[in-house]
Amino acid sequence: MSLETTIGFTDIAASEDHFQLATYKKMPIAAERGDGVWIYTSDGDRYLDLYGGHAVAGTGHCHPHVVKALRDQSEKLLFYSNLVYSETRARAAQKLVSLAPNELTKAFFCNSGTEANENAMRVARMFTGRENVVSFSGGFHGRTADAISATFLGRYREIGRPNVPGHLEAEFGNIESVREVADQTVAAIILEPIQSMAGVKTAAPQFFKDLRTLCDERGIVLIYDEVQTGIGRTGDWFFAGSSAGDGVVPDVVTLAKALGSGVPVGACLVSEAIASKIKENDLGTTFGGGMLAMACVSATLEAIEMDKMLANVRLVETHLRERLKEIEQVVDVHGRGFLLGLEFADKAAPIHKALLERKIITGTSSDARVLRLLPPLCLGTDEVDLFVDALQDVFRSA
Ligand SMILES: Cc1ncc(COP(=O)(O)O)c(C=O)c1O
């Protein structure tokens, strides 16, 4: 099979299925071009993207400022490793740290969310001299060995066998369950502050305050996996330090997804106390901090600021929540900002399919009744109206 000439959806799908492992359940469309909240397919159709390429397209698809930064950087230097200094990397690190809560003073760049979490747990073990890690039922942290071992969701730990030893499970939102397992052998507590894949589950602000107190009392490193919640998705730059978490700042925040607007990049932000203990060669990765990714990090953060996207997220979330009240089949709306879970009385998968037929991309979750929305931060109220009208139409036609 050859892709030398322009081909339509059927041939694209046949080719992908022929030459790649069947590891993903795909939607029956081929994305060709993106612009803001819209995706254009190989067949010339336009889809409203409320899934953001799995929370990656925070600035929207092909934001002109990010595209320009990528183009400019690609003409200067594609890559050089961390063995040399780089103005592009210096600017990205400075910008990212300056937007983070004051307590997080240094960045380590890597390439993905799972890698950020691996490094965060490693740093915690180095810092404390302990080995065990507590994480939560329903949390997802990635698919590499340590991260998947911390993922007490569905079959993931089974997929990742043999698991890294010393991973302990607690119940999200229940501080007593954490107290029971988080003893003097525990190096870190890692959590998604909003559990996305589990169905956009939240915890009370007091839970985060209690976690912070417990970690301080027992000398445990607190890690927020902000791979989804970070970089503006909740309407704040980070969940760390925000009112949703009672202002609590963890010792480490991990980031990926929206950080590079689609160019792969991950990061750990760490406190000064932890940073002071990290020595040469303790962490490393060839591609982390590469110039293309770093140019995109700076441009992503600048684009969010320039277009006032955080304020937009808050405004449009309010409009969406208001409009969803019109639909009796939506029994609850979980989450914050543009990380939302719409809970239905019945299964969400048929609704996901019916919306796709109406050219709207949404996401499912591991909770069969929850449909996930992870749209670009530039989504507007007009597009929200399109979505809600389509959802009404889905139920009218059912
Ligand atoms: C909360 C969270 N952590 C970690 C990861 C893993 O990120 P990556 O797929 O970039 O390794 C994901 C991916 O979906 C995620 O949602």
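Start at 1 and go down the list; that is how both ligands and their atoms are numbered. Keep in mind that this is a model prediction, so the values were computed, not measured.
Side-chain N/O atoms of Gln392 and Glu326 include a donor and acceptor closer than 3.5 Å. Under the 3.5 Å distance criterion, with hydrogens and angles disregarded, a donor-acceptor pair is assigned to the side chains of Asp183 and Thr185.
Looking at atom 16 (O) of ligand 1, its nearest protein heavy atom turns out to be Gln228 NE2, 2.8 Å.
Heavy atoms of Glu115 stay at 4.0 angstrom or farther from ligand 1. The closest approach between Lys257 and ligand 1 falls below 4.0 Å for a heavy atom of the residue.
The cluster map of Ile, Leu, Val, Met, Phe, Trp and Tyr, joined by side-chain heavy atoms under 4.5 Å apart, puts Ile361 and Leu355 in the same cluster. Grouping the Ile, Leu, Val, Met, Phe, Trp and Tyr side chains by contacts below 4.5 angstrom, directly or via other members, places Val227 apart from Leu283.
For atom 3 (N) of ligand 1, the nearest non-hydrogen atom from the set Asp225, Val265, Thr151 belongs to Asp225. In this comparison of Gly113, Cys110, Ala55, the heavy atom closest to atom 8 (P) of ligand 1 sits on Gly113. With distances taken over non-hydrogen atoms, the option nearest atom 6 (C) of ligand 1 out of Thr114, Asn111, Ile148, Thr229 is Thr114.
Of all atoms in ligand 1, listed by their number and element, those nearer than 4.0 Å to a heavy atom of Ser112 are 10 (O), 11 (O). Interface atoms of ligand 1 facing His54, defined by a heavy-atom separation under 4.0 Å, are 14 (O). The Asn117 neighbourhood of ligand 1 comprises atoms 3 (N), 4 (C), with distances under 4.0 Å to a heavy atom of that residue. Those atoms of ligand 1 with a heavy atom of Glu192 less than 4.0 angstrom away are 1 (C).
Looking at His141 against ligand 1, only its backbone comes within 4.0 Å, counting heavy atoms. If you look at Thr254 next to ligand 1, there are no close heavy atoms at all, none under 4.0 Å.
For the pair Glu226 and Arg233, the salt-bridge criterion is not met [side-chain N within less than 4.0 Å of a carboxylate O]. Looking at Glu75 and Arg71, no side-chain N of the basic residue comes within less than 4.0 Å of a carboxylate O on the acidic one, giving no salt bridge. A salt bridge does not link Glu158 with Arg161: every distance from a Lys NZ or Arg NE/NH1/NH2 to an Asp or Glu carboxylate oxygen is 4.0 Å or more.
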**Report entry** Intermediate values then yes/no, salt bridge (charged side-chain N to carboxylate O under 4.0 Å, His left out), Asp346 and Arg369
**Finding:** CA-CA 6 Å; Asp346 256 322; Arg369 294 190 300 119; over 6 Å; no

